[in-house]
Amino acid sequence: MNFIIGAFKSACNISVTFSDGRSRKQVPLKKENGQTVMVPLFQSKENITGTISIEPVSGKKVEHNGIKIELLGQIEMYFDKGNFYDFTSLVRELDVPGEIYERKTFPFEFSTVEMPYETYNGVNVRLRYVLKVTISRGYAGSITEYQDFVVRNFSPLPPINNSIKMEVGIEDCLHIEFEYNKSKRRESTGSGANTHVETETLAKFELMDGAPVRGESIPIRLFLSPYEMTPTYRNINNKFSVKYYLNLVLVDEEDRRYFKQQEITIYRLVEAS
Amino acid sequence: MISNGIEDEDKWLAEGIAGIQHNAFYLHRALDSDNLREALKYAALLLSELRTSKLSPHKYYELYMRAFDELRRLEVFFKDEDRHGCPVVDLYELVQHAGNILPRLYLLCTVGSVYIKSKEAPAKDVLKDLVEMCRSVQHPIRGLFLRSYLAQISRDKLPDIGSEYEGDGDTVMDAVEFVLQNFTEMNKLWVRMQHQGPLREKDKLEKERNELRDLVGKNLHVLSQIEGIDLELYRDTVLPRVLEQIVNCKDELAQYYLMDCIIQVFPDEYHLQTLEILLGACPQLQPTVDLKTVLSQLMERLSNYASSSPELLPEFLQVEAFSKLSNAIGKVIEAQVDMPIVGVITLYVSLLTFTLRVHPDRLDYVDQVLGSCVKKLSGIPKLEDSKATKQVVALLSAPLDKYDDIVTALTLSNYPRVMDHLDAGTNKIMAMVIIKSIMKNKTFVSTSDKVEVLFELIKGLIKDLEGISTDELDEEDFHEEQNSVACLMHMLYNDDPDEMLKIICTVWKHITAGGQKRLSFTVPPLVFSALKLVRRLQGQDGDVAGEEVPATPKKIFQLLNQIIESLTVVPSPELALRLYLQCAEAANDCELEPVAYEFFTQAFVLYEEEVADSKAQVTAIHLIIGTLQRMNIFGVENRDTLTHKATGYSAKLLKKPDQCRAVYACSHLFWVDEPDGVKDGERALLCLKRSLRIANAAQQMANVTRGSSGPVTLFVEILNKYLYFFEKGNPQITGSVIQGLVELIKTEMQSDSTTANHASDAFFTSTLRYIHFQKQKDGPMGEKYGSIKL
């Protein structure tokens, strides 16, 4: 729908400035075109305030039917590309229909915004938050500008945090050569017949070399920091889930593999600092 | 097939080395450009070559050493934070991101080493983490090498006392814990190696395992180097923990090697103070473990320790080292049911050696060891195993070597009982050892009781033992053995004549039981030993205050008569004859005329009845004449009888020259050049004349048989006898008689010029020269000779 805009040179420059932009933490965000940009980081129930500045190009006037700013929480399925499902949509009218001759700024404020879901860039699905500024024009089509931002939410400690117990056994096979632990991420989208499950191996990590004897305990230390991870997402707006699994693989002498899988919950704690 | 296996291995090794070199190239480049990420990447790749399962330990070691060299370079790089810009704490985490376990852990150990050096974390924490993390490698060979690497990089970084890494609190304990844990894990891996691979390669596996043993043992060495391990810590923690592992691993190879390691690496002082603990573990080991070697080593070390300073002896006594060792050996033998008897005896030999070196004064200990051995041996009738026999000989020889004195051994009640368990052959060998020891040390055996014991010990030589057929005897060996016994007789001595006589009687009792073939060896020394005693008693003879004195020459001579008589059954008449003559001479010196006469009679009887060979007769008659000549005790009548017989026998010899010589020798029986000697010039001359006649007859006989006269040697010999008596003043021998004899010889020689005999010519010439020489002398001798005209 925006292709027409792309064909013409924009009549004005629109920029979004957050009021606490200087002090707010910036995090990298991968754009669709593969570039990484730094965007501000928010969490749910924060106030999102700032100003919109509209500057017509070289003295041209911009005639409009009204200016609004929307805060959108969107889920985009890649099998259904371009089709955004908004789970959050807040609108603020910035200006009544009129004309803009010179640079003009509008303050905006969304207070205590509910943003229950975290920004997520998956294989088949993307969840993003965006501020969308729309200058409505009757005949020439609207001018829109997007400003992405990232939402991360902290969760409390889960009530149950058991140690993970997994067993892999092979009957009648005494000699086991390797044991692997794979940490996997599984992203499932849609529901029912439309369910798409995408499993991505985050890391292969060798745990043990050789065959242990009965009763031997082998220490495992897996640092997650090198991996791009998110908290576990369960059934986000009935659209998708992201789950993490430990997959224990046992490889015997003849290269036969034996698996055991265990879901683990990843959560984000309030940073200590 | 096997060669293929080796070739394949070489190929795999070559591939591994190539892989290491390839990645080392990129690693070096990364290091040169201070690129941490690349360095880690290539280091991990390089280390991945160590993941191979295809190499034998030997080849794997080669690969490991190459990787090791590269890790040293990497460590240098890690140390220099300026180069890579990553604090060591972060580096410690960073290397753990590696996906493969083995490279990850090698890198972790390498960074760990740097981490400890940086002192940013206590050494004990880092070490604990490393030793724990290494558990992840459960493959025996790879695990052993990894842990060996850990031991290598950590050995100079232990939080030992006085080390720069010593922390607060009892960090020595942390150092000990670390090494102990690494040791335990390595041993487990090592033991487990035997279960890898098919059964048919068991031997190969054992060999390979043996190649790796020092990797495990090195941990014990590291432990022994920890300054902070004092006796208390060693006794209460280190030793029990190490032993626990050794006992629990239930592996023969490991148990043997590690026990030996403990003994070798830790100080003797510790061993002595922890004997009970160390020995307590022994019976718990596998029944096939070669404990005799282990214990022998221990005892040897302890005895060396004891001999290093005499001040240590109280310590040995205080800890009751002997009884602890003795008990332990008993228990080990009990536990190892299948231990061959040779092993058992070897253990006792070691214990005995220990005892002799540490407690040389404790004969009761020695006897106790022998007693235990007897107890063990009593289960089996005779030793068949040659190795075991050898050990028994060693066991029995040890006290002899130590005490230089067989007498000490004779007081050991168990000594002969051990000997009883030897087979006849070895018994003899042992007897020889005993005799040699006596001879070497010149030990006199001085009482008849001891002689009794000694002869009981060497009975293998004294009499025929059951179970050995006389056919098997080697003549030469037999002679050597009997000669040794003969030598031994001279070492049986006591200054007290009564005791000496007892000794002689005891010996006699034993050698009569030895059978006739030994008598010719054993009788002469005994006779001479008895004669020696006689000579000592000679002069102090006479009934002392009417008391019953056991040792009188008379009694001894009676015994001697018996002893020599025994030779008749051998028979050995010539020997007996000589001995009779010896006795006669001794009796002469003791002024026992009837006894001397009796001995001569015996000698003559033997001569007449037993000496048949003509040559033997010649020798015998000369011996008789020689002995008789020296006798001065005989009254006229006895003397006449004897000299008469002697001359009679002389004239009856088979050959004329022999007759001639014997007869002129008889001349000395009538003219003894001593103040109290017989001086019967006439009869002496008669003998000489008779011999001249015989010489003539001999000459004629030679003429008849060969057509020419024989040599004139006999005449010259007789001439010399004439000259002797002439000089000694026999009035019957005059210058003219000699002159006549010289003329006779000259004539004989001229008529016999064809068959000139150089020897007799020379003899005659020098005799004449002697006469000339005497003539030219001044004084009575020159005057005397002046009457001879040549």
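Lettering of chains follows the sequences in order, A, B, ..., and the numbering in each one begins at 1. Every heavy atom of this structure was used, including side-chain atoms; hydrogens, water molecules and symmetry mates were not.
In terms of heavy atoms, Pro219(A) sits closest to Met133(B) at CG-CA, 3.8 Å.
Under the side-chain hydrogen bond (donor to acceptor under 3.5 Å, both in side chains) criterion, His84(B) pairs with no residue at all, not counting sequence neighbours.
Each side-chain hydrogen bond (donor to acceptor under 3.5 Å, both in side chains) pair with one or both residues in residues 35-46 of chain A, not counting sequence neighbours, appears once here: Arg24(A)-Glu46(A).
Using a 4.5 Å cut-off on side-chain heavy atoms (C-beta onward), Ser136(B) and Glu206(A) make no contact.
Within a 6.0 Å sphere centred on CZ of Arg221(A), other residues, nucleotides and ligands contribute more than 12 heavy atoms. By the 6.0 Å contact criterion, OH on Tyr61(B) is open, its count of non-hydrogen atoms from other residues, nucleotides or ligands being 12 or less.
Taken to the nearest 0.5 Å, the CG atom of Leu207(A) stands 7.0 Å off from the CZ atom of Arg104(B). Summarising the geometry, atom CG belonging to Asn100(B) is positioned 9.5 Å from atom CZ belonging to Phe205(A); distances are rounded to the nearest 0.5 Å.
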